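Input: a single structure, listed below in structure tokens.
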Amino acid sequence: MDETDLKVFIEGATHFFSHMGGEPAEIGTPYLASNCNSEVKGFTGIIGVTGKRRGSVYFTAPSVLLKVLLITLGEENTSHENMCDMVGEVANVISGNARKDFGSDFLISVPIVVVGRLDKIVVPPELRSFVVPITWKSYDASLVIALE
Amino acid sequence: MSAMKSGKYNAIVLSIALFIVFDAGVLVMNFYIADQFARDAVQVNLAGRQRTLSQRLIKALLQTDNALGSGNFIETPLNELKAGYRTFDTTLNAFNKGGTITGVDGESVSIEAFSDTRSRRLLTDTLETWLPLQEALQPMLAFDSKIERSAELIMTDEGANLESDLFHAIMVASKDNRDNRLLKLTNDLAVHLEYESARRATRLRIIQVTGIGLALINFFVILFHLIRNLNKYDAMIEIAKKETDDILETVTEGLFLLDSEYRIGSQHSAALQDIFRRENLAGVNLIELLRGIVPETTLNVARDYISLYFGGRVNENLVDDLNPLNEVEVHFAGDGSQFQTRYLGFQFRRVLVDQELSHLLVTVNDITARAALERELQVSRARSTAQLDMLMDILHIEPEVLTDFLCGSERSLGKINSILKRSAMGVEVYRAKLDQIFREIHAVKGEASALGLNSVVGLAHDIEDLITDVQERPTISGGDFLPLTIKLDVLLGHIQSVRELVARLVDFRLVFDRSKIAEVADDQRAAPRTDMSALLHNLTERIAEEQGKRVNLHCVGLEGKHVPEMYRGPVKDMAIQFIRNGVTHGIEGPEDRLVANKGQVGRIAMKFVPLGDGNFEFSYRDDGRGLDMDLIRNTAVDKGFVSADQIEAMEDRAVMALIFKRGFSTSTEVSSDAGRGVGMDVIRNLVNELSGRVRVSTARGEFTQFKVTLPAIPRDMDQAA
Amino acid sequence: MKLMIVDDSNIIRKKIERSTEIEGLEVVATAGNGVEALEQFPKVRPDIVTMDLTMPEMGGIECVEKMVEMDPNVVILVISALSDKATAIEALKKGANGFLCKPFSEQELNRAFRELLGEATNG
């Protein structure tokens, strides 16, 4: 796994919080996970990646973080739909950032949002994903990068 | 096809030629008939005039005579007589011999002599009848007098002569009923001519109608022929189209024509839709079709490449190597956010029509299976090469020892991952994490080094480098751990592949051993070195060889099951660190040893013994140069562990304790065996974790000894382990 | 038929010179870079040119463009490594007629010459 490739996704996430979230997010020490579902925190925005590398990148966050984020952005309505929109929006920024930085080497899909377990997402069992803990305003979210 | 075409055209050309000939014939006939009608009309009219003139002449003759007799003016009837005579005579001559005369309408007309028998006979009769009268009329024609009045004229000779001439002419005219005969003959001629004309007209009309009829028949023949041929041709086209359609329906390749605007032609094979997963491809721009499923850079190169074919200069047989779409990875949006990856192979050929480039024939194949196979082959080839290298590393290691190592290192790496996963933040926490990880990875490296697993040693060494690098930074953030995590992933993958290789080797050995079952029974007694001491012997030999030293290792209580399960791991780790330090720092080179009056071969002795009180003692002793207290003092000050003042005040015992500090090493070079200053640190940590104690004793130039006391194991723990 | 060899590698120049076995095809000039090649080009008027792409002074693409400008009937064979397809395609766009991938065998080189000459004589 290429460090610069990983950084592009991480920067996408930090970029979002420092520009939209009012205060920057902290990155914890990245670790490995063999089961993506164990990292899921409620709401997950998934982008598909293919080209030079293939797989998926998820941004997963608990509802409380999304509620605070919605309010920070001036949205008082913290309904289920809005939280889905919110997590999708973060994934959108990450994928947009990746599209910009990777240029033509990668194809990045439009994000989809999953609530709860990621049943439909198939990740090869031998593939370890990189989990990057993201702490924002003391709430924990994760960026999971599962690329071949 | 072309012969058939020209045959078909021959028939049509012949038919059309006939049609034209018939039409032309009818047209010529029309002209001829029209001309004939005109001439007949002239003749009929002239014959009619002769009939009228024959009466008028007699009448003018009688009037002249009457006028002369009654004393009236004779000029008018005489002139009429003269005119009538002239016209009648010239016309009659023309009828007889041909010539140009003044027509009924005053225009001059030329006529031919009559030729048919009936006309000629009538003419001969007319001339015979006319001749005497003509002669008799001559004097009147020649008569010309100045005297106008008849009364006076009659008195003259002129008049008298005229009177007698007139009388004579009247007599000739009336003799034998000549005047009536003349009338009858001219009438007969006129009637005959009319009849002839009508007859001829009828005949000509019949010919005309026949011509038109033939032309019409020919026209219908052509029409029939044409329609039949068109039908036949249509049927042929239909068959050809059906064949093309069948080919395009069945062929498994994507086939289509591409124009210079990169547009797909109206016909393409059905397979093309399956390949591109969409319908209505006719007229679609190929580049647009590929956009979004092929990376943009490939697309730009592809566009340029295709344009070469339309450029005309390039030889198409010499550019296949450059085809960027020869094997192109395409990504179709699948379910959810996942992509479906296929490999397509495009081939381009120019299509020339009359030496001019009209299109490119494009062939597309889904070559996913082939590409996947190739890729798999490549990966497995790379893996085989890597595994072969690894095989060299592991062949000399006992499988049990190796498996033990693999499990152990996977546990260690798992522990590193859980250290990373711990969610506390802050620079101090991060530094602590780095320290803990360092100790773990260092232990892994030590063991790998003991087994001679160079690839693992290298990767572990890289991780140590990364940690040292991050430790030196003034502040540390979570992101700084990223390279470390990546390397961890690589190392885990590596250990997994070693494990796979071992599994295969074990299978192989099982098969191999079964055939030598008797020998194995003997070997089992003779080969006890399948345990920790074997590993330590290997390690000692390897490091000694690297350092150019000779060392003899003597182990007591480290074989078999003397060491309790719970302590086996830590004792092994400590033993490895002791040996690495001892061989590197303690034992002298062979020459130095000779100078010091020792044997060339150094000695290391290790012992694990249970003490009477249930505790255990693990001891290490070498007959090397002993600890150099001055060097330790200087190093401690240089590395800033203590100040120069403090060191002066410290006793040797306290100074010796410094070697257990993290980062302490008296070695000036970093190798994989020593120099990082963590070996002793690992031992101290292990001892602390196990709640044991460690003591050091040394004599300059004589020996170094470490004694580790480990507490008794609680009964339940021992059983559990 | 006159052949000109443009390549910055002496070894490759020699190899092409040695390998050419087409009857009537005669090496009339060799050049180590684009500038040298363009100096000699009008003097020797070659029918066929083999062209390397990455050379000092002036690269192959520019050289191809200038040669075709000087003589639109010249036949140019680009001989280059496959590593950069885009550059080779660019040279072909500028008017080169064929591409031969380095490393090449004698047979491949002569086949390429035959293709180009066949094309030139047929029309």
Side-chain angles (χ1 to χ4, degrees), chain B residues 258-262 286-287 290-291 294-330 343-358 360-362 367 371 374-375 378, chain C residues 16 22 47-53 60-61 64-105 107-123:
Chain B
L258 191 70
D259 67 13
S260 57
E261 307 284 307
Y262 308 104
L286 180 65
I287 302 294
L290 293 177
R291 180 159 287 142
V294 167
E296 198 68 22
T297 34
T298 313
L299 211 55
N300 289 335
V301 178
R303 188 190 292 123
D304 284 354
Y305 177 76
I306 296 171
S307 75
L308 291 179
Y309 283 87
F310 288 105
R313 277 190 71 92
V314 166
N315 182 320
E316 63 180 341
N317 295 327
L318 289 178
V319 291
D320 280 346
D321 281 347
L322 293 174
N323 184 356
L325 300 178
N326 185 36
E327 184 181 315
V328 66
E329 197 179 335
V330 295
Y343 290 84
L344 300 183
F346 287 76
Q347 274 174 327
F348 302 89
R349 277 286 167 268
R350 285 181 178 135
V351 178
L352 298 178
V353 176
D354 300 330
Q355 300 286 314
E356 288 286 316
L357 176 68
S358 70
L360 298 186
L361 174 66
V362 187
I367 52 168
E374 273 173 18
R375 197 160 272 230
Q378 260 175 16
Chain C
I16 295 172
I22 307 282
D47 301 289
I48 295 196
V49 179
T50 72
M51 178 72 64
D52 187 17
L53 287 184
I61 293 181
V64 166
E65 195 174 11
K66 298 234 161 94
M67 280 185 180
V68 173
E69 238 169 60
M70 281 192 243
D71 177 9
N73 292 323
V74 69
V75 174
I76 301 174
L77 178 67
V78 171
I79 301 185
S80 170
L82 249 193
S83 52
D84 194 3
K85 287 186 182 186
T87 315
I89 289 173
E90 186 66 27
L92 288 161
K93 268 173 85 182
K94 297 283 187 215
N97 304 71
F99 172 82
L100 182 62
C101 175
K102 270 187 200 171
F104 54 88
S105 68
Q107 289 95 315
E108 284 166 335
L109 179 73
N110 285 304
R111 178 188 152 258
F113 280 144
R114 278 193 199 100
E115 276 286 345
L116 290 172
L117 288 170
E119 189 184 56
T121 47
N122 289 344

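Each chain gets a letter, A, B and so on, in the order the sequences are listed, and its residues count up from 1. Computed from heavy atoms alone, side chains included, the values below leave out hydrogens, waters and symmetry copies. Here the structure is a predicted model, which is why all the values come from computation and not from measurement.
- Among L318(B), L308(B), V301(B), the residue making the largest number of heavy-atom pairs under 4.5 Å with chain C is L318(B).
- Exactly one of V49(C), I76(C), N97(C) qualifies for a side-chain contact (heavy atoms from CB on, under 4.5 Å) with V68(C). That residue is I76(C).
- Open room surrounds CD on Q347(B); 12 or fewer heavy atoms of other groups in view lie less than 6.0 Å from it.
- The side-chain heavy atoms of V78(C) and L100(C), taken from C-beta on, include no pair separated by under 4.5 Å.
- In terms of the salt bridge (charged side-chain N to carboxylate O under 4.0 Å, His left out) criterion, E108(C) has no residue partners (sequence neighbours excluded).
- Checked against side-chain contact (heavy atoms from CB on, under 4.5 Å), Q378(B) has no partners two or more places apart in sequence or in another chain.
- Residues forming a salt bridge (charged side-chain N to carboxylate O under 4.0 Å, His left out) with R349(B) (at least two apart in sequence, or on another chain): E316(B), D320(B).
- Within residues 86-94 of chain C, the residues approaching chain B closer than 4.5 Å by heavy atoms are, in numerical order, A86(C), A88(C), I89(C), E90(C), L92(C), K93(C).
- F348(B) and F346(B) have parallel rings, their planes meeting at less than 30° on a 0 to 90° scale where 60° marks the start of perpendicular.
- N300(B) does not touch chain C: none of its heavy atoms, backbone or side chain, sits under 4.5 Å away.
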